[in-house]
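Since this is a predicted model, take the numbers as computed values, not measurements. Letters A, B, ... are given to chains in the order of the sequence lines, protein chains preceding strands, and every chain is numbered from 1. Reckoned from all heavy atoms, side chains included, excluding hydrogens, waters and symmetry mates.
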Amino acid sequence: MKNELDKIYIPSLGELGTYEKWEKSGYFNPDNLNLPIDAQNYTIILPPPNITAKLHLGHSAMLAIEDLIIRYKRLRGFRTLWLPGTDHAAIATQNVVEKKIFKEQGKTRHDLGRDALLKEVWSFLEKTQGEILIQTRRMGASLDWSRLAFTLDNQRQSAVKLMFKEMYEEGAIYRGERMVNWCPRCHSTLADDEVEYKEEKAKLYWIKYGPFVLATSRPETKLGDTAVAVHPDDIRYQKYIGQELDINGVLGVFKVKVVADKAVEMNFGSGVIKVTPSHSFVDNEIAERHNLPGKKIINEDGEMMANCGKYAGLKTAVAREAIVHDMQEMGLIDHIEEDYIHNSSRCYRCDSVIEPLPSEQWFISVDKKIKRLGNKSLKERAIEAAQQNEITFTPERFKKRYIDWMENLHDWCISRQIWFGHQIPVWYKDAEIYCGLEAPKEAGWKQDEDTLDTWFSSGMWTFSTLGWPDNYVDGKKIGDLAKFHPTQVLETGYEIITLWVSRMIMMSIFALNEVPFSQVYLHGMVLDKDGKKMSKSKGNGIDPLEMIEKFGADAVRLSLLMGFTPGNDSKFSEEKIETKRNFVNKLWNISRFILSSSSLDEKTISLNSTPVSRTLADNWILNSLQKTIESVSKNLDEFNFSIAADILDDFTWNQLADWYLEISKIEKNKDDILIFILRKLLIIWHPFTPFVTEKIWGSFNDSLLMVEKWPELQIINSDFQDKTAVEFKIIQDIIVNIRNARSFNKIEPAKKIQAVIYAHGLEKMLLDNQEIIKNLKTGIESLEIRNEGEKINDAIAITVGNIEIFLLGAMDYEKEKERLLKEKENLNKLVNLQEQKLANPEFVDRAPEKIVSLEKEKLSNYKRDLLKVNKTLQEL
RNA sequence: GGGCGCAUAGCUCAGCUGGUUAGAGCACUUCGUUUACACCGAAGGGGUCCAGGGUUCGAAUCCUUGUGCGCCCACCA
């Protein structure tokens with residue numbers, strides 16, 4: 001079969017149909033690939049996008065990279081699984097929906113109640129999830145949709161429950177009163193990374209505190225103080241350490257202990273701090289070290305508690321004013337610093353000020369020694385995995401970031417006081433507590449109202465999607481889990497290495513005692529053209545769908561793959577996509593040119609074996625194709641996607657299109673070679689630009705390109721390879737120099753000139769290629785090639801190595817003189833430099849011999865050229 | 001405060017373990033509608049590789065200091 005191609009490639013016409021063809025073929029599903037039993041498996045689990053909003057360009061980059069890897073591996077004969085899914089993103093999603101409801105109906109979640117709110121969330125979710133899946137398909141992602149998962153679907157729900165239960169039974173999950181970040185507005189704990197810090201001005205109160213004067217920004221917490229602390233080395237306060245002091249406060253005299261702790265900085269403030277163990281993280285740690293009691297004085301609404309006398313019931317900010325007022329009357333305020341700048345901690349959702357509170361919460365213990373992990377803790381195993389390179393990072397520097405973060409990890413608070421998410425599978429009845437997969441049968445049990453941190457379920461993503469726990473029987477993996485876990489690569493943005501990557505590693509280690517992936521590849525962020533983060537509120541975002549409509553998915557993919565190196569952010573603009581669109585069109589037209597040859601018949605078109613090369617150019621291009629295949633394969637194997645694309649781009653445009661196709665118009669009968677190259681080229685480009693390559697392939701093949709075989713690395717025999725490259729370079733140089741000379745001398749392109757070439761030993765080679773030299777945009781009317789001859793006056797003289805070229809009939813003496821003078825100057829400089837270098841005994845004695853001889857050769861070449869130029873100049 | 005990264009052509013960036021005259025795309029200048037492509041072709045101009053110091057026969061590349069950006073973590077009483 002052979003169908004004519006249109007003059008310009010219009011992506012929007014064919015992409016949907018092409019994707020449909022792929023999907024219908026069933027080849028996205030590894031079970032349908034016709035592979036030998038011993039084919040290796042290759043798995044990537046797609047980082048599930050949040051269903052809070054449509055996809056942005058960051059997601060597109062992720063899809064482009066992962067699809068590139070997967071398509072490449074599929075072509076190389078791996079049993080590839082790329083598994084799709086979405087993330088319920090508990091807090092984020094509930095927040096979006098809450099805001100929406102408040103805007104539309106003026107109601108809060110408490111007005112609606114749990115069930116009604118959840119109903120709203122689910123209907124919201126259905127809509128955005130649909131949009132996300134459409135966007136993903138439009139990018140060309142070859143995901144196995146038959147295995148689509150959601151972090152909160154039924155299967156994942158039962159997996160999460162079991163995981164919780166197992167961890168609870170091992171003691172890896174516990175309930176306890178700990179300091180948490182509490183948002184009084186959302187009524188929920190926040191993870192450390194959900195807290196944002198904002199610099200702002202506040203008042204700093206210097207208060208009289210027994211024998212001390214100390215600074216505080218929160219005088220109301222004085223009611224909860226149980227100690228003061230100083231640095232152990234601070235000579236000013238040595239005598240107080242260990243004493244118990246009576247302190248005068250707004251509610252009367254109370255006792256504090258003086259402790260010495262290194263957390264206190266001597267040079268900050270007065271070097272004395274008050275310790276409020278129940279309402280400050282630092283103070284809490286000090287209290288733990290010194291065994292100090294805590295006193296809770298602020299409740300979950302951010303109000304002063306009953307134990308605060310007349311201040312009870314006041315919001316903390318109000319209480320602060322009142323207490324400062326009273327302290328001033330009592331003469332307890334030394335002075336007040338007005339413009340004190342500090343960081344206030346805020347809720348990342350509602351911007352409320354965070355209250356650190358002791359609260360009853362569920363935690364994952366990262367330090368507990370766990371029997372099934374050989375009496376190591378989750379933290380130890382997770383660090384070990386990176387240190388011993390069970391998991392490697394690209395780029396490598398993120399290994400350090402991961403390990404540093406892991407080492408400082410505190411117990412992970414996994415309970416959240418929101419409604420959307422996995423409800424904690426624990427039931428209470430009076431003092432009894434039950435953890436299980438379902439509610440106890442008897443009446444009177446009440447389930448814990450809290451839900452789990454969203455990262456708990458997404459931490460299980462690599463194995464919950466592969467059928468854990470059903471596929472894990474008596475400690476043995478079966479089915480998909482056995483085939484596809486551990487996965488090969490986790491590809492994601494570097495910003496969630498701590499939030500997500502680390503959690504997946506811990507969860508997988510606990511559940512399966514194996515790492516979830518062997519390789520972590522981290523991409524950077526896609527920024528706008530000014531280097532700012534794209535965001536909806538700033539309105540600087542670029543909508544991927546719009547770009548796909550305009551330029552095609554292939555162009556969008558290429559723009560995100562090229563010039564994008566691992567771990568580095570990339571500034572992005574529409575122009576970049578445009579240039580890639582141009583390339584896609586170029587590839588289209590190259591194919592169109594090759595396929596439109598009238599002599600192409602069915603036999604040639606289906607030809608798959610290496611054609612015999614007949615000329616130097618044939619040899620050169622096949623040789624070059626082979627090198628390209630080799631180095632593209634190597635770079636893809638090493639995740640150097642951008643470099644691989646650059647190499648391919650260079651071959652396709654600068655070698656094939658600019659040279660070989662032009663030559664093929666001169667040296668005829670290259671159909672077999674051209675079609676051979678085209679076949680290989682389409683296969684290699686396919687992982688980058690799947691749509692256009694599949695479309696072209698489909699115009700002369702009945703099979704699908706996506707499951708073709710990657711070319712063998714050795715396509716031609718390697719004899720004379722180097723000779724070929726050198727010889728063809730000479731031809732190229734001759735041509736370029738002639739064009740150059742024409743351009744410099746302003747010889748009109750249409751004007752035909754005569755040329756005489758003295759080949760000095762390369763006569764035969766040049767004669768073999770004289771048609772090319774004559775016709776390849778050099779505008780030569782007659783060409784004479786001889787081994788040597790007399791110098792021709794009245795002609796533009798060019799030298800290429802030993803070869804002398806004279807262009808007759810278009811001499812402009814002034815121009816030519818100018819050119820030669822410039823060349824002379826340049827050569828003089830080079831000769832000087834080179835002589836200096838070679839006169840340096842240290843260089844000659846100590847540099848490798850190869851380098852020295854190379855440099856010597858260079859010098860003699862320069863000198864020879866200089867002689868020639870001088871001679872010509874004289875003659876002019 | 002601790003850690004990491006970046007600084008190369010007007011712009012966006014490549015340049016791995018040091019070795020021909022430092023590259024690409026875009027932009028710019030000149031020329032060109034040759035039957036694959038104007039989403040094109042030919043030729044060209046443009047760089048003290050942030051600064052200082054060091055290692056080396058040789059440094060954009062390695063070490064060190066400084067400057068200017070960016071990010072991550074901790075959080076200041």
Is any side-chain N of the basic residue among A:K580 and A:E575 closer than 4.0 Å to the acidic one's carboxylate O?
no
Could you walk me through whether A:W405 and A:I497 pass side-chain contact (heavy atoms from CB on, under 4.5 Å), step by step?
CA-CA 10 Å; A:W405 188 81; A:I497 180 168; over 6 Å; no
Touch class at under 4.0 angstrom, heavy-atom based, for A:F551 against every strand present:
nothing
Using the P atom as the reference point in each nucleotide, state the distance between B:rA14 and B:rG5 in Å, no decimals.
15 Å
Judged by each residue's nearest nucleotide on RNA chain B, which is more toward the 5′ side, A:N740 or A:L854?
A:L854
Examine B:rG58: is either OP1 or OP2 under 4.0 Å from a nitrogen or oxygen in the side chain of A:N840? Give yes or no.
no
Roughly, in whole Å, what's the span from CD in A:E495 to P in B:rG5?
18 Å
Is the cationic atom of A:K815 (NZ for Lys, CZ for Arg) positioned less than 6.0 Å from the six-membered ring centroid of A:F744 and within 45 degrees of its normal?
yes
Tell me the partner of B:rA27, counting only Watson-Crick (N1-N3 plus N6-O4 or O6-N4) or G-U wobble (N1-O2 and O6-N3) with both under 3.5 Å; none if nothing fits.
none
Taking any heavy-atom pair under 4.0 Å as a contact, classify A:P841: base, sugar-phosphate, or nothing.
nothing
Which nucleotide in B:rA36, B:rC71, B:rA14 has an atom nearest any side-chain atom of A:Y494:
B:rC71
Electrostatic pair A:R819-A:E823, nearest N-O below 4.0 angstrom:
yes
Quick one: label A:L661 by what it contacts on the DNA or RNA (base, sugar-phosphate, nothing), any heavy atom closer than 4.0 Å.
base
When you measure from the side-chain N and O atoms of A:K858 to the phosphate of B:rU21, is any distance below 4.0 Å, counting only OP1 and OP2?
yes
Can we call the ring centroids of A:W685 and A:F651 under 6.0 Å apart?
no
Using Watson-Crick or G-U wobble geometry with both distances below 3.5 Å, tell me the partner of B:rG47, or none.
none
Indicate the ring-plane relationship of A:W206 and A:H335, choosing parallel, tilted or perpendicular according to the 30° and 60° boundaries.
parallel
What integer distance in Å separates A:F572:CZ from B:rC26:P?
16 Å
Return yes if the base of B:rA36 and the side-chain atoms of A:E662 contain a donor-acceptor N/O pair under 3.5 Å, otherwise no.
yes
Between B:rG23 and B:rG46, how far apart are the P atoms? Round to whole Å, please.
14 Å
Whole-Å distance separating the CD1 atom of A:I666 from the C1' atom of B:rU34:
11 Å
When rounded to the nearest Å, what value does the distance between C1' atoms of B:rA27 and B:rC13 take?
14 Å
For A:T394 and A:L522, what are the C-alpha separation, side-chain angles and deciding distance, and is it a side-chain contact (heavy atoms from CB on, under 4.5 Å)?
CA-CA 6 Å; A:T394 309; A:L522 298 156; over 6 Å; no
Partner nucleotide of B:rG1 by Watson-Crick or wobble geometry (both distances under 3.5 Å)
B:rC73
Would you please indicate if the ring centroids of A:F641 and A:F688 are separated by under 6.0 Å?
no
Which one is paired to B:rU34, where only Watson-Crick or G-U wobble pairs with both distances under 3.5 angstrom count?
none
Let me know the distance between CH2 of A:W588 and C1' of B:rA38, rounded to the nearest Å.
18 Å
C1' gap between B:rC69 and B:rU8, integer Å:
16 Å
Contact under 4.0 Å: A:N568 side-chain N or O vs B:rG70 OP1/OP2
no
Side-chain contact, heavy-atom cut-off 4.5 Å: A:K576 with A:K571?
no
By nearest heavy atom, map A:T216 and A:S591 onto RNA chain B; which one lands nearer the 5' end?
A:S591
Counting just side-chain N and O atoms, does A:R739 come under 4.0 Å of either OP1 or OP2 of B:rA43?
yes
If you compare every side-chain N and O of A:K571 against the phosphate oxygens of B:rC13 (OP1, OP2), does one of them come in below 4.0 Å?
yes
B:rG19, B:rC26, B:rC37: which one has an atom nearest the side-chain heavy atoms of A:A847?
B:rG19
Find the distance A:Y660:OH to B:rG41:C1' and express it as a whole number of Å.
20 Å
Over all strands shown, is A:I8 touching base, sugar-phosphate only, or nothing at heavy-atom distances under 4.0 angstrom?
base
Could you measure between the two C1' atoms, the one in B:rG41 and the one in B:rC6, and give it in whole Å?
38 Å
Regarding A:A229, tell me which of base, sugar-phosphate or nothing describes its non-hydrogen contacts under 4.0 Å with the strands shown.
nothing
Would you say a side-chain N or O of A:K586 is under 4.0 Å from OP1 or OP2 of B:rG41?
yes
To the nearest angstrom, how far is A:I747 atom CD1 from B:rA42 atom P?
18 Å
Tell me which nucleotide among B:rG5, B:rC75, B:rG3 gets nearest to the side chain of A:D404.
B:rG3
Report the nucleotide, chosen from B:rU21, B:rA43, B:rA36, that has the shortest atom-to-atom distance to any side-chain atom of A:Q834.
B:rU21
Among B:rG41, B:rA43, B:rA36, which nucleotide has an atom closest to any side-chain atom of A:K665?
B:rA36
Does A:N640 place a side-chain N or O at less than 4.0 Å from the phosphate oxygens OP1/OP2 of B:rC16?
no
Give each protein N/O atom lying under 3.5 Å from an N/O atom of nucleotides 27-33 of chain B, with the pair distance.
none

A:I403 atom CD1 is separated from B:rC4 atom P, nearest whole Å, by 13 Å
How would you label the contact of A:D649 with the nucleic acid (heavy atoms, under 4.0 Å): base, sugar-phosphate, or nothing?
nothing
If you draw the axis of the six-membered ring of A:Y9, does the NZ or CZ of A:K586 fall within 45° of it and under 6.0 Å from the ring centre?
no
Base-pairing mate for B:rU20 - Watson-Crick or G-U, with both contacts under 3.5 Å:
none
Counting only side-chain N and O atoms of A:W653, is one of them less than 4.0 Å from OP1 or OP2 of B:rG25?
no
I'd like the P distance from B:rA22 over to B:rG45, given in whole Å.
14 Å
Is any side-chain N or O of A:K7 under 3.5 Å from a base N or O of B:rC37, one able to act as donor and the other as acceptor?
no
For B:rU56, give the paired nucleotide (Watson-Crick: N1-N3 plus N6-O4 or O6-N4; G-U: N1-O2 and O6-N3; both under 3.5 Å), or none.
none
Nearest listed nucleotide, side chain of A:T565, among B:rA43, B:rC39, B:rA14
B:rA14
Please determine whether side-chain hydrogen bond (donor to acceptor under 3.5 Å, both in side chains) holds for the pair A:Y494 and A:D569, giving the CA-CA distance in whole Å, both sets of side-chain angles, and the decisive distance to 0.1 Å.
CA-CA 10 Å; A:Y494 65 79; A:D569 298 344; 2.8 Å; yes
State whether the distance check finds a donor on one side and an acceptor on the other, under 3.5 Å, for side chain A:R401 versus base B:rC4.
no
Ring centres under 6.0 angstrom apart (A:F393, A:F398):
no
Of the listed B:rC39, B:rC37, B:rU21, the closest approach to the A:Y862 side chain comes from B:rU21
Candidates B:rA36, B:rC4, B:rU21 - which lies nearest the side chain of A:K400
B:rC4
Provide the Watson-Crick or G-U wobble partner of B:rG68, both distances under 3.5 Å; none if there is no partner.
B:rC6
For atom NZ of A:K777 and atom C1' of B:rU34, their distance in whole Å:
8 Å
